[in-house]
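First up is the structure itself, then whatever we jot down about it.
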Amino acid sequence: MTVSFSQSTEAAASQQDKNPKSLHAYRIGQATAGEVKHLVSSVSQLSMLDFWAGFGLIFIGIPTPLVTMPVGTVVVLLLVLYKLTKPATLETRYNSLFFSIILFAVGWALFESLAFNGISVDESIRRAIRMAVVLLLALQIAQKRIDVRSLIFGVAAGLVFNLIGFYAGVAPDNYGGTLTGWLNDKNQSGLYYAIFGFLFVAMVRKTSHRIVAIAITSGMLWLTGSRTSLAAYAFAVLWLYFSHRLNLFGKAVLAWLFYLGVNYLEDNFAHAGAFADRLGSDLLRERIDETMYRMIDVVPWYGGGLGTAQVPLQNRYFYFHNSYMTLVQEAGWLYMIVVVALMISAAFIWKQPRAQRIVIAEAAMVIIIITSQRLGEVILTVPWAIVVGLALLYLNPDKDLDASDSGHHEPISDATQKVQGNAEKPAQQKGQLIEKEAPAAVAQQEIPKKSPTSKSFDVSSIRQRARKA
């Protein structure tokens, strides 16, 4: 009887060895089923309202016929007004501190624009509404009224849709083949593809998925032709993977090295390869910067007023290509220092109530800091609000933040999962499961009347051979 069991086992094992293709196909099927299950589970956890609001952000460059605001801003306005009817899920002292100071700063900017600089009431009201929308968006993300993960996934889907529409000839093409689409501006396109492409990568849990996401998002970002955004994206990915090992001083040193790296790339590779034809645009940018600094030198201590960060050149007006100087021009040096200090404190300095600090918002803030040096509208915009809101969200003690698939863990936790997986595998290979199954099979063999026992023994033996292999 024992011999018959051995023969049947060897026959089954040999039949399995003779069909490697079927085994390979089975494994592929199992992997595909797992991926589909993971995708369905991720989609089912999204808030569809926040997802579609994020999707609507890609129309930030399309003006509306009724109000003097872009479609994307109107979408965010409607979202934050609706979310005001929902209770705040999270609230901390950091939220109160951040928004009380920044509201005072923005209020000062509006006051000096009207009282000291004679900016028109209509222009001041329009800027006040835009700033209120931006700050409300950041606050509601920090309070978890808006599901930031759903919002980011919606923007990511919208950017893919914008890419398809652009190359299909449906979306606008205003920059000679450079990917802009409904974003309608080259610099804005680079900022959106850098920020939200990176945040999408950071929200992905599996390493294989993250590699694919990095390849896709960096490819789309390359099509925008924005050198500053490309450099910022690359440094953000490096920050995501390496900064978690550093304390605050180490991160300051790393940030300084990134600053030197950006300047080195700009000085030595600004016209290399695919960017060799940028000489004309760079000369125009230099003229804009020269005029900008001349304006900054004569601006009063309280600033020149909201909306005045524009340079008159060639019978046209060009926006500043520096967000820090935009703040200085509009409301003075103190205004700029307060706003920048608040966003850096929220992302890098204020302590998170958990053992391992989540670095997603830090890495995204790296993009904000770098692009603000060469782009004029970065700070106090919708991408800035989402990054600041995410940073404030991580300051909450809630363990179910779920800003990424990995919950409250750091995005690099894949390495930890691998270590845990390797720790579990030896336990299985040592035969703990085999020892538990084998006695049951032997116990069943002692009952000669029941034929299913042989099948049970065969299955156990096959499992043993498979594990050894």
**Study point:** Student check: side-chain heavy atoms of Met295 and Gln329 closer than 4.5 Å
**Key:** yes

Practice item. Examine distances only and state if a side-chain atom of Ser243 and a backbone atom of Leu240 form a donor-acceptor pair shorter than 3.5 Å. Key: no

**Study point:** Over 12 non-hydrogen atoms of neighbours within 6.0 angstrom of CZ in Phe104
**Key:** no

Check your understanding: Is it true that a side-chain atom of Glu330 and a backbone atom of Gly307 form a donor plus acceptor pair closer than 3.5 Å?
Key -> yes

Point to revise | Phe153 six-ring centre to Arg149 NZ/CZ under 6.0 Å and within 45° of normal | key: yes

Revision key, fill the gap. Minimal heavy-atom distance between Ala346 and Trp350, with the atoms involved, is CA-CE3, 3.7 Å

Point to revise | Between Tyr175 and Asp185: side-chain donor-acceptor atoms closer than 3.5 Å | key: yes

Practice item. For Tyr335 and Tyr302, run ring pair (Phe, Tyr, Trp, His ring centres under 6.0 Å): C-alpha distance rounded to whole Å, both residues' side-chain angles, the deciding distance at 0.1 Å, then the answer. Key: CA-CA 8 Å; Tyr335 174 71; Tyr302 50 81; over 10 Å; no

**Study point:** Min side-chain heavy-atom separation Val74-Phe59 under 4.5 Å
**Key:** no

Exercise for review: First locate atom CG of Asp147, then atom CD1 of Ile141, and finally report the distance between them rounded to the nearest 0.5 Å.
Suggested key: 9.5 Å

Exercise for review: Starting from the C-alpha separation in whole Å, work towards a yes-or-no answer on side chain to side chain contact (heavy atoms under 4.5 Å, CB included) for Leu306 and Ile119.
Suggested key: CA-CA 8 Å; Leu306 295 174; Ile119 304 298; 5.6 Å; no

Point to revise | Non-hydrogen side-chain atoms of Leu163 and Tyr193 separated by less than 4.5 Å | key: yes

Review point. Looking only at heavy atoms, which two atoms of Ile360 and Ala202 are closest? And how far apart?
Key: CG2-CB, 3.7 Å

Exercise for review: To the nearest 0.5 angstrom, please state how far the CG atom of Leu135 sits from the CG atom of Leu380.
Suggested key: 6.5 Å

Review point. Distance only, no hydrogens: is a donor on one side chain within 3.5 Å (strictly under) of an acceptor on the other, for Asn174 and Asn184?
Key: yes

**Study point:** His321 and Arg285: side chain donor to acceptor below 3.5 Å
**Key:** yes

Check your understanding: Quick one: are Met343 and Met365 in side-chain contact, heavy atoms under 4.5 Å?
Key -> yes

**Study point:** With Phe235, the ring pair (Phe, Tyr, Trp, His ring centres under 6.0 Å) member among Phe242, Trp256, Tyr241, Phe258
**Key:** Phe258

Check your understanding: Which heavy atom of Thr228 sits nearest a heavy atom of Thr371, and at what distance?
Key -> CG2-CA, 3.8 Å

Exercise for review: Flag the pair Gln188 / Thr381 as yes when at least one side-chain heavy-atom distance between them is below 4.5 Å, and no otherwise.
Suggested key: no

**Study point:** Tyr94 atom OH: more than 12 heavy-atom contacts under 6.0 Å
**Key:** yes

**Study point:** Arg374 CZ to Leu191 CG distance, which is reported to the nearest 0.5 Å
**Key:** 14.5 Å

Exercise for review: Could you tell me whether the side chain of Ser229 and the main chain of Ser226 form a donor-acceptor pair under 3.5 Å?
Suggested key: no

Check your understanding: When rounded to the nearest 0.5 angstrom, what is the spacing between OH in Tyr324 and CD1 in Ile379?
Key -> 5.0 Å

**Study point:** Side-chain (Ser150) to main-chain (Ser47) donor-acceptor, under 3.5 angstrom
**Key:** yes

Review point. Under 3.5 Å, side chain of Ser323 to main-chain N/O of Val378, donor-acceptor pair present?
Key: yes

Check your understanding: CG/Leu159 to OG1/Thr217 distance, rounded to the nearest 0.5 angstrom?
Key -> 10.0 Å

Practice item. May I ask you to say whether Lys83 pairs ionically with Asp50, meaning some side-chain N is under 4.0 Å from a carboxylate O? Key: yes

Practice item. Run through Phe55, Phe161, Tyr192, Phe166 and flag the one making a ring pair (Phe, Tyr, Trp, His ring centres under 6.0 Å) with Trp182. Key: Phe161

Exercise for review: Starting from the C-alpha separation in whole Å, work towards a yes-or-no answer on side chain to side chain contact (heavy atoms under 4.5 Å, CB included) for Leu223 and Thr178.
Suggested key: CA-CA 6 Å; Leu223 296 174; Thr178 301; over 6 Å; no

Point to revise | Pair Asn117-Glu112, side chain to side chain contact (heavy atoms under 4.5 Å, CB included): steps then yes or no | key: CA-CA 7 Å; Asn117 292 295; Glu112 58 87 11; 2.6 Å; yes

Practice item. Indicate the atoms forming the closest heavy-atom contact of Val359 with Trp239, along with that distance. Key: O-CD1, 4.4 Å

Check your understanding: Do the side chain of Thr326 and the main chain of Ala309 share a donor and acceptor less than 3.5 angstrom apart?
Key -> no

Check your understanding: Could you go step by step and tell me if Glu290 and Arg287 meet the salt bridge (Lys or Arg N to Asp or Glu O under 4.0 Å) rule?
Key -> CA-CA 5 Å; Glu290 291 174 0; Arg287 294 181 61 189; over 6 Å; no

Review point. Mind checking what makes ring pair (Phe, Tyr, Trp, His ring centres under 6.0 Å) contact with Phe198, not counting sequence neighbours?
Key: none

Review point. So how far is it from Ile195 CD1 to Ile152 CD1, rounded to the nearest 0.5 Å?
Key: 10.0 Å

Practice item. Using the side chain to side chain contact (heavy atoms under 4.5 Å, CB included) rule, take Leu390 and Ile386 through it: C-alpha gap first, then chi angles, then the decisive distance, then the call. Key: CA-CA 6 Å; Leu390 187 62; Ile386 292 176; 5.5 Å; no

Exercise for review: Provide the closest heavy-atom pair for Thr180 versus Asp173 in the form atom of the first, atom of the second, distance.
Suggested key: OG1-CA, 4.4 Å

Review point. Around Tyr82, counting heavy atoms of other residues, nucleotides and ligands shown, do more than 12 lie under 6.0 Å from its OH?
Key: no

Check your understanding: Quick one: does Ser124's side chain get under 4.5 Å of Leu114's, heavy atoms only?
Key -> yes

Exercise for review: State, yes or no, whether a side-chain contact exists between Asn162 and Leu179 at a heavy-atom distance under 4.5 Å.
Suggested key: yes

Review point. What's the shortest heavy-atom distance between Leu248 and Ile349, and which atoms?
Key: CD1-CG1, 4.4 Å

Exercise for review: Side-chain contact test, heavy atoms from C-beta onward, threshold under 4.5 Å: evaluate it for Gln140 versus Lys86 and give yes or no.
Suggested key: no

